[in-house]
Enquirer: 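One structure, pasted below without further comment.
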2 protein chains.
Amino acid sequence: MELARATNRSVRLRNRAALLTKLFLDGPLTRQDLVRSTGLSQPAVSNVVSDLIEEGLVAEAGAAESDGGRPSMMLRIAPRFAFLVGVDVGETRVRVELFDFAMTLLASVEYPLDPARTEPAEVAGHVLAGIDAVTGAAGVAPADVLGVGIGVSGVVSQGEHAVVHAQALGWDRVPLERLIAAGTDLPLHIDNGAKTLGQAEMWFGAGRGARHAVFALVGSGVGAAVVTGGVTYRGASSSAGEWGHTTLVYGGRPCRCGALGCLEAYVGAEAIIERYREARRGRPVPGEDEESQLNALIDDAATSATARQVLDDTAAYLGAGVANLINLFNPERVVLGGWAAMALADLLPAVREAAGRQALRQPYEQASIELCRLGVDAVALGAATLPIARFLADGGVRR
Amino acid sequence: MELARATNRSVRLRNRAALLTKLFLDGPLTRQDLVRSTGLSQPAVSNVVSDLIEEGLVAEAGAAESDGGRPSMMLRIAPRFAFLVGVDVGETRVRVELFDFAMTLLASVEYPLDPARTEPAEVAGHVLAGIDAVTGAAGVAPADVLGVGIGVSGVVSQGEHAVVHAQALGWDRVPLERLIAAGTDLPLHIDNGAKTLGQAEMWFGAGRGARHAVFALVGSGVGAAVVTGGVTYRGASSSAGEWGHTTLVYGGRPCRCGALGCLEAYVGAEAIIERYREARRGRPVPGEDEESQLNALIDDAATSATARQVLDDTAAYLGAGVANLINLFNPERVVLGGWAAMALADLLPAVREAAGRQALRQPYEQASIELCRLGVDAVALGAATLPIARFLADGGVRR
DNA sequence: CCACTTTAATGACGACATTAATTAAGCCGT
DNA sequence: ACGGCTTAATTAATGTCGTCATTAAAGTGG
């Protein structure tokens, strides 16, 4: 709606952004490839590319195959032009990873958290220590780090400084960005962990090529990341996509959010285990943590009709939840991720079927329902893409 | 993601689009206002504006107030630069309206439909006849009509030609655009009626100023239009926002879509009346049509606890549905519209309260829940804005 | 070794916005 | 009535940038 003004400079910036983005996501490519994919003229591409090479952002990488005629040079983003830090602030640990510009993992470090009481200052300390640790380990100068992306399992309100609300950590309006910014000058990008995971899948995993996709994450809790037009949808205050706390069973099971009948109260790992426990007439499910308890349930399903029923119900609930996403967002693709969804991968056909029963035919036929490709640890990878996304959109100019 | 290339010409086009859009939505304005709001320099604004005046798109309209200094001229979109046709294809009638460029209604005509069997060709015929009728009545030359916007109560898939799926009309993959295009050369824009109504409320009603809003429509059926970043969200095949068929009560009442427990099966007017009938142990609700039956229920609520209970339940269901929208889309504003919602306006406080119980606190506090301002007939008005939106985005150049 | 093809680089040209300077058009007080 | 002041709009000079047309470069194949 509110269009920004355009000036002659912004033309160059836009074209730089287009070429850089294309090279980053689909590179290496030749100048001619860029001509074809962007619609720019040959001289314009050459001109911009020569700037980018001079700035060290892009490098030539050998000649392409040719059958007659001058062979074209391959171009690619220079892998060591800059480095990225990605952070995953989970409920049980803080994980800090360092990547080069080609998203190759260079170093990582992990700090366990006491889930009982997680102090924001402690988390901020871990993040800062982690940045020092990974840059030190890889021998990367802090000045060469383009930015730090942080994925947090909780609602993140963007504003002057990002503020975190995380029920599971007992956080309410924690000014995490301010706490971390006090200890570093690096640009910070804080976002919800589901959204960063979605971003990773979008660029490097099951979302590649889609313009409209929903990434549905099932772990202990349940969340979603919505990508519309290739970009993560954030809404007014960045908390869009709280799929786990949509009502699926009006007046149903109490959810830890305080409401009744939330999706999470049925298909979150904690809820699945609890439903199994109830189905066993209160007999506890063996296992020292949720992951092993869920696996116990899956093992039991081979022999126990009770366990089988719990899993069938889970697929049906999940399918209905997915159907809601399909009806509301009309995505090309729904990607199921999170550790519980991956453990329950065998339920995928049943989930598809249940979704087909509850969704409208037309949007359902447009959407494919798939499993994620990158696994759970991609939260940090996705977080590291946040500074890159900004950088690419800005045409490769640091703010 | 896929950025379009920019050329020198596109700079002018973008700036024209920015000025025109601002003038259309917030005009009349002075050149100085435009300088301030767009960030363009004075000469650039003057230059573009003089082009627009020369083309007849914009006109000067008197001097503005001034306390010292040369008074600035007011600028406004020329109301008679072009005309728009808006069409509302409902379940019981086709309504065709003609507007000038200031969206003043000049003429309108209505054709009743037999809801039992509605032939696509018949509807197309009504639309074509309606275009002739309204332009004839207002003395507007067809060449001066910028385009025809059509809001249809059904799922509209955009493609080469728009295709309509409308359960209520018994339509499946009806190539409505092709049928109409056979009889006119005017540019056609077909969209879902809920989306066009949302567009009208967004530009001229309860949505003004919001960037993220959801328009929830409750009539005989239930639908929604989602606006993200000021633009209607369509999804992969334009069917996004099918709120009425999201599951609210897992395994609950059968819906006419074939699934169980859809929101529409609880809060659609038809469903409300049916629930009331059941609460009356099967005694039919008096009234010859849904509207009068719903009013009978509302009247009864003053004296009957049974009726009161049905309405209270309705507010609670609706609130839970709204909470789902808030959790998923994180809008600044939720606008309730549709004839049934307007009849039930007194339930608004109860709906707000119920939404607060089921939504997460953070996004709930960001969102206001309001009634629509334009009434039900704004479908055609919103449809008429479709050609304008295209025209403004193109910088005031016809394709 | 030369014709042919494809890629890359140059130069003339035109579209546009920007800044700085001018001109236009009104207030106000004497 | 008439300068002085303020704000609005236009003109002039400057610089950015993409396009088209042309030239240079770098291969393959007979």
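Side-chain atoms are counted along with the backbone in the values below, which use heavy atoms only and exclude waters and symmetry mates. So that the names make sense, note that chain A is the first sequence line, chain B the second, and so on, each numbered from 1. Just so it is clear, the model here is predicted, and its values are computed rather than measured.
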Enquirer: Which part of the nucleic acid, if any, lies within contact of B:Pro71, taking any heavy atom under 4.0 Å across all strands shown: a base, the sugar-phosphate backbone alone, or nothing?
Expert: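 The answer is sugar-phosphate, as B:Pro71 gets under 4.0 Å only of primed atoms, P, OP1 or OP2.
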
Enquirer: Roughly how far apart are B:Gln32 CD and B:Ser37 OG, rounded to 0.5 Å?
Expert: 11.0 Å

Enquirer: Could you grab the distance from atom CG of B:Leu386 to atom CD of B:Gln199, nearest 0.5 Å is fine?
Expert: 6.0 Å

Enquirer: Look at A:Asn15 and D:dG18 and indicate whether a side-chain polar atom (N or O) is within less than 4.0 Å of OP1 or OP2.
Expert: yes

Enquirer: OP1 or OP2 of C:dC16 less than 4.0 angstrom from a side-chain nitrogen or oxygen of B:Arg9, does that happen here?
Expert: yes

Enquirer: Show your working on side-chain hydrogen bond (donor to acceptor under 3.5 Å, both in side chains) between A:Ser237 and B:Asn330 and close with a plain yes or no.
Expert: CA-CA 7 Å; A:Ser237 58; B:Asn330 182 211; 3.2 Å; yes

Enquirer: Whole-Å distance between D:dA9 P and B:Leu19 CG?
Expert: 13 Å

Enquirer: Less than 4.5 Å apart, any side-chain heavy atom of B:Leu75 and any of B:Leu34?
Expert: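 Yes, their side chains come closer than 4.5 Å.
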
Enquirer: Which residue, A:Met73 or A:Ala6, contacts DNA chain C at a nucleotide closer to its 5' end, judged by nearest heavy atom?
Expert: A:Met73

Enquirer: Counting the atoms with a prime plus P, OP1 and OP2 as sugar-phosphate, which does A:Ser46 contact under 4.0 Å by heavy atoms, base, sugar-phosphate, or nothing?
Expert: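 Sugar-phosphate, backbone atoms only, no base.
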
Enquirer: Could you label the plane-to-plane angle of the B:Phe24 and B:Phe101 rings as parallel, tilted or perpendicular, counting under 30° as parallel and over 60° as perpendicular?
Expert: perpendicular

Enquirer: Should B:Arg12 be listed as having a side-chain N or O under 4.0 Å from OP1 or OP2 of C:dA15?
Expert: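 Answer no for this pair, as no side-chain N or O of B:Arg12 is under 4.0 Å from OP1 or OP2.
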
Enquirer: In whole angstroms, how far is the C1' atom of D:dT10 from the CG atom of B:Leu40?
Expert: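 Atom CG in B:Leu40 sits about 16 Å away from atom C1' in D:dT10.
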
Enquirer: Look at A:Ser41 and D:dT19 and indicate whether a side-chain polar atom (N or O) is within less than 4.0 Å of OP1 or OP2.
Expert: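 It does, given that an N or O in the side chain of A:Ser41 lies less than 4.0 Å from OP1 or OP2 of D:dT19.
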
Enquirer: Check the distance between D:dC17's P and A:Leu13's CG and give it to me in whole angstrom.
Expert: 9 Å

Enquirer: Please report the distance, rounded to the nearest Å, between CG in A:Leu29 and P in C:dT7.
Expert: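 In whole Å, C:dT7 P and A:Leu29 CG are 14 Å from each other.
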
Enquirer: Between B:Gln42 (CD) and D:dT7 (P), how many Å, whole number?
Expert: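 Atom CD in B:Gln42 sits about 12 Å away from atom P in D:dT7.
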
Enquirer: Picking from C:dT18, D:dA8, D:dG18, which would you name as closest to the side chain of A:Ala44?
Expert: D:dG18

Enquirer: Report the distance from atom CZ of B:Arg5 to atom C1' of D:dC17, rounded to the nearest whole Å.
Expert: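 My rounded result for the distance is 13 Å.
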
Enquirer: Are OP1 or OP2 of C:dA9 and a side-chain N or O of A:Arg31 less than 4.0 angstrom apart?
Expert: yes

Enquirer: Using the side-chain heavy atoms of B:Pro43, tell me which of these nucleotides is nearest: D:dA21, C:dA20, C:dA17.
Expert: C:dA20

Enquirer: Just the rounded figure in Å: distance from C1' of C:dA8 to CZ of A:Arg36.
Expert: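 Result: 14 Å.
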
Enquirer: Base, sugar-phosphate, or nothing for B:Gln32, non-hydrogen atoms under 4.0 angstrom?
Expert: sugar-phosphate

Enquirer: Mind calculating the distance between CG (B:Asn8) and P (D:dG15) to the nearest angstrom?
Expert: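 That distance rounds to 17 Å.
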
